[in-house]
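Remarks on the structure that follows.
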Protein chains: 2
Amino acid sequence: MRTIGYHHGDLRRTVLDAAVDAIGESGLDGWSLRELARRAGVSHAAPAHHFGDKAGLLTALAAEGFDLLAETLKQAGPDFLEAGLAYVRFATEHPVHFGVMFQPKLYRADDDAVRHARERAGALLAQGARAVAASPAGSANTARAGWSIAHGFASLWLAGALTEPAGTDPVDAARPVLRRLLEG
Amino acid sequence: MRTIGYHHGDLRRTVLDAAVDAIGESGLDGWSLRELARRAGVSHAAPAHHFGDKAGLLTALAAEGFDLLAETLKQAGPDFLEAGLAYVRFATEHPVHFGVMFQPKLYRADDDAVRHARERAGALLAQGARAVAASPAGSANTARAGWSIAHGFASLWLAGALTEPAGTDPVDAARPVLRRLLEG
DNA sequence: GCCTTGAACTTGTCAATGACTAGATCAGGA
DNA sequence: TCCTGATCTAGTCATTGACAAGTTCAAGGC
């Protein structure tokens, strides 16, 4: 990969990574395409070639996020608790992706790449959530309950709403919480 | 209340409402202070007098949101299921407030009004979540589980992630899901 | 009735941004 | 060698957020 000269060589990835950094530092409002271009050392219009506009960049981020989530869920297997913990791990390890993914108004949710990745993750998610279903009658609601509790815990954790001792691992903190759904 | 003349009479509320409308229509990126000023029929700098800057406006929105949530929870009483459904109702009836509240990077989370309102809502929330706790030992985690499942369901609903028949009431849809936490 | 005071709002301004257009550079294949 | 498409630069314009300074108005003291 070349880093100097007319052609950057890997601008798309570089800008994407810079966006994750910038959003992670300053939130979803604290970044600009021009700032990303400056970080990458290219002209202010270069990112537009790869992403079109701001929404296009977030669309790419969302698609990447659903892909990463699908991979994480795949490795966790079909067990509910493992899938739920994997969900929390993904969210806390990729907070920017997670934050963008579930705000469809920020990007083009009907984009092909996004839709495909989302469906792939959705299938794996349903598989994990189905594992917690006792009675077939309530399986749909049980699946929703499983997704909700994992998603809710991750969201609250990222929002800083859960007061935990500093240094606590979010996955460790999530385990006894997710278990509550199994025990009653 | 006067609507014409040099003094608007109720600019703060008008701009706040306009912000909710604008964000509801175009998302958290699709609005500007100047657009809100135009909608309210005042000069482009008028909103700044009440909110300082963009983050100031979102801070006011967040504070209002926590207040509204506290009221809703108060009416629901200490029962977990009722509190959880009230939480979902609040989120779906005030999606913009809800969306802002749990993105602390968008506003000044250490603002006095916000902190006060958040603590008030938090106390009521803990009360509702405690009602689901069976064993005192697990009560902290059970409370977290209750909050997580309600928050998660609301978030996924607002994100359009839950595929329900059109016209379904979110509170009705949430009831059997939240119940899963009680039944196991 | 007059003046003071402060809140509410306007006008003017500037750097920064998003988006667009046209053009330059480069790599690879026919 | 030339052609084609992808990649990036340079230039531009309306819009925006933020700030400074000035204007209007209401309410209360005298």
Side-chain angles (χ1 to χ4, degrees), chain A residues 1-23 25-62 100 103 105-108 111-113, chain B residues 1-23 25-62 100 103 105-108 111-113:
Chain A
M1 161 185 162
R2 305 176 47 197
T3 54
I4 55 175
Y6 200 97
H7 283 163
H8 179 283
D10 201 11
L11 222 210
R12 185 185 160 88
R13 177 105 302 270
T14 301
V15 169
L16 226 35
D17 290 342
V20 172
D21 287 347
I23 296 175
E25 290 167 15
S26 318
L28 280 165
D29 266 3
W31 63 285
S32 69
L33 288 175
R34 291 170 109 103
E35 180 200 347
L36 302 186
R38 279 192 296 270
R39 290 200 191 194
V42 294
S43 79
H44 63 88
H49 173 70
H50 293 276
F51 303 105
D53 56 9
K54 228 172 165 183
L57 195 156
L58 293 179
T59 301
L61 256 186
V100 172
Q103 289 192 271
K105 282 192 175 176
L106 291 179
Y107 60 94
R108 284 182 273 276
D111 174 86
D112 277 343
Chain B
M1 162 187 161
R2 308 177 44 197
T3 54
I4 54 175
Y6 200 97
H7 283 163
H8 179 282
D10 201 12
L11 221 208
R12 186 186 159 88
R13 176 105 304 267
T14 301
V15 169
L16 227 34
D17 290 342
V20 172
D21 287 347
I23 297 176
E25 290 168 13
S26 319
L28 280 165
D29 266 2
W31 64 285
S32 68
L33 288 175
R34 292 171 108 102
E35 180 200 348
L36 303 186
R38 280 192 296 270
R39 290 200 191 193
V42 293
S43 80
H44 64 85
H49 174 70
H50 294 277
F51 303 106
D53 57 6
K54 227 172 165 180
L57 196 156
L58 293 179
T59 301
L61 256 186
V100 172
Q103 288 192 268
K105 282 193 176 176
L106 290 179
Y107 60 95
R108 286 182 273 275
D111 174 85
D112 277 343

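Computation of the quantities below employed the complete heavy-atom set of this structure, encompassing side-chain atoms and omitting hydrogens, waters and symmetry-equivalent molecules. The sequence lines fix the lettering, A, B, ..., with proteins before strands; numbering per chain opens at 1.
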Q | Selected nucleotide, minimal atom distance to B/R34 side chain, candidates D/dT16, C/dC9, C/dG18 | A |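 For the B/R34 side chain, the nearest candidate turns out to be D/dT16.
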**Q.** Side chain of B/A45 (C-beta onward), nearest among D/dC8, C/dG12, C/dT13
**A.**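 The nucleotide sitting nearest to the side chain is C/dG12.
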I'd like a table of donor-acceptor pairs (distance under 3.5 Å, sequence neighbours excluded) in which one partner is a side-chain atom from residues 43-56 of chain A, with atom names and distances.
residue: A/D53; atom: OD1; partner: A/A55; partner atom: N; Å: 3.4
residue: A/D53; atom: OD1; partner: A/G56; partner atom: N; Å: 2.9
residue: A/D53; atom: OD1; partner: A/R108; partner atom: NH2; Å: 2.9

**Q.** A/R12: partners by salt bridge (Lys or Arg N to Asp or Glu O under 4.0 Å), with sequence neighbours left out
**A.**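 A/R12: no salt bridge (Lys or Arg N to Asp or Glu O under 4.0 Å) contacts found.
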Round to the nearest Å and state the distance from [X] atom [atom1] to [N] atom [atom2].
X     : N      : atom1 : atom2 : result
B/F51 : C/dA7  : CZ    : C1'   : 15 Å
B/L11 : D/dT24 : CG    : P     : 18 Å
B/L57 : D/dA18 : CG    : P     : 11 Å
A/W31 : D/dG17 : CH2   : P     : 16 Å
A/E35 : C/dG18 : CD    : C1'   : 14 Å
B/L58 : D/dA18 : CG    : P     : 11 Å
B/K54 : C/dT17 : NZ    : C1'   : 11 Å
A/D53 : C/dT21 : CG    : P     : 13 Å

Is [X] close enough to [N] that one of its side-chain N or O atoms is under 4.0 Å from OP1 or OP2 there?
X     : N      : result
B/S32 : D/dT16 : yes
A/H49 : D/dT7  : yes
A/R38 : C/dT17 : yes

Q: Assign B/H44 to base, sugar-phosphate, or nothing according to its heavy-atom contacts below 4.0 angstrom with the strands shown.
A: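 Base contact - B/H44 has a heavy atom under 4.0 Å of at least one base atom.
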Q: Name the residue closer to the 5' end of DNA chain D, choosing between A/V42 and B/A48 according to the nucleotide with the nearest heavy atom.
A: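 Whichever sits nearer the 5' end wins; that is A/V42.
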Q. Is there side-chain contact between A/L61 and A/L106, with heavy atoms separated by less than 4.5 Å?
A.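 Counting from C-beta outward, A/L61 and A/L106 never come under 4.5 Å.
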**Q.** First of A/A55 and B/G41 reached from the 5' end of DNA chain C, by closest nucleotide
**A.**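 With A/A55 and B/G41 compared, the 5'-side residue is B/G41.
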Q. For A/L36, which of A/D21, A/D17, A/V15 qualifies under side-chain contact (heavy atoms from CB on, under 4.5 Å)?
A.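 Among the candidates, only A/V15 passes.
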Q | A/L58 to A/Y107 - nearest heavy-atom pair and separation | A |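 Looks like C-CB, 3.8 Å.
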